[in-house]
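Take a look at the structure set out below.
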Amino acid sequence: MKALVLQFLKEMQNKGSLNYYENHPLSLVSTFGIGGRARVFVLPFDKDALVDTVRVASLYSEYAVIGNASN
């Protein structure tokens, strides 16, 4: 994960727009309790935070958007 993305996430978290976790087990958020670890797991609180996060991630790193992790 690029340092610029992590800095952006820290700033957004400080503003109260999202929470992010590093090395987060996906089993905690999937319906069946399975999954590996995400290098960075982001929970945006609104649409704007989601759009901004995806925009920054697409410029500087690889990312995947996961819905409810139920299938």
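In this text the structure is predicted, and so the values were computed from the model without any measurement. Position 1 is the first residue of the sequence, and the numbers go up from there.
- Rounding to the nearest 0.5 angstrom, the gap separating the CG atom in Leu50 from the CZ atom in Phe45 is 12.5 Å.
- Here the closest heavy-atom approach between residue Gln13 and residue Tyr20 is recorded as OE1-N, 2.8 Å.
- Here Thr53 contributes atom OG1 and Leu18 contributes atom CG; the two are 5.0 Å apart, rounded to the nearest 0.5 Å.
- Here the shortest heavy-atom pairing between Asn23 and Arg37 reads O-NH1, 2.7 Å.
- Taking CD of Glu22 as the reference point, atom CZ of Arg39 lies at 11.5 Å (rounded to 0.5 Å).
- Using a 4.5 Å cut-off on side-chain heavy atoms (C-beta onward), Tyr21 and Val40 make no contact.
- One distance of note links CG of Asp48 with OG of Ser17; it measures 8.5 Å at 0.5 Å rounding.
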Show, in sequence, the C-alpha distance, side-chain angles and deciding distance for Ser61 and Val5, and conclude whether the side chain to side chain contact (heavy atoms under 4.5 Å, CB included) test is met. CA-CA 8 Å; Ser61 65; Val5 175; 4.1 Å; yes
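- A distance of 11.5 Å separates CD of Glu11 from CG of Leu6, quoted to the nearest 0.5 Å.
- The same ILVMFWY cluster, assembled from side-chain heavy atoms under 4.5 Å apart, contains both Leu26 and Leu43.
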What's the verdict on side chain to side chain contact (heavy atoms under 4.5 Å, CB included) for Asn19 and Phe41, showing C-alpha distance, side-chain angles and the deciding distance? CA-CA 8 Å; Asn19 281 335; Phe41 183 78; over 6 Å; no
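- If you chain together hydrophobic residues whose side chains sit under 4.5 Å apart, Leu59 and Met12 fall into the same group.
- Both Leu4 and Phe8 belong to a single network of hydrophobic side chains, linked directly or stepwise wherever heavy atoms of I, L, V, M, F, W or Y lie under 4.5 Å apart.
- Between atom NZ of residue Lys2 and atom OH of residue Tyr60 there is a gap of 9.5 Å, rounded to the nearest 0.5 Å.
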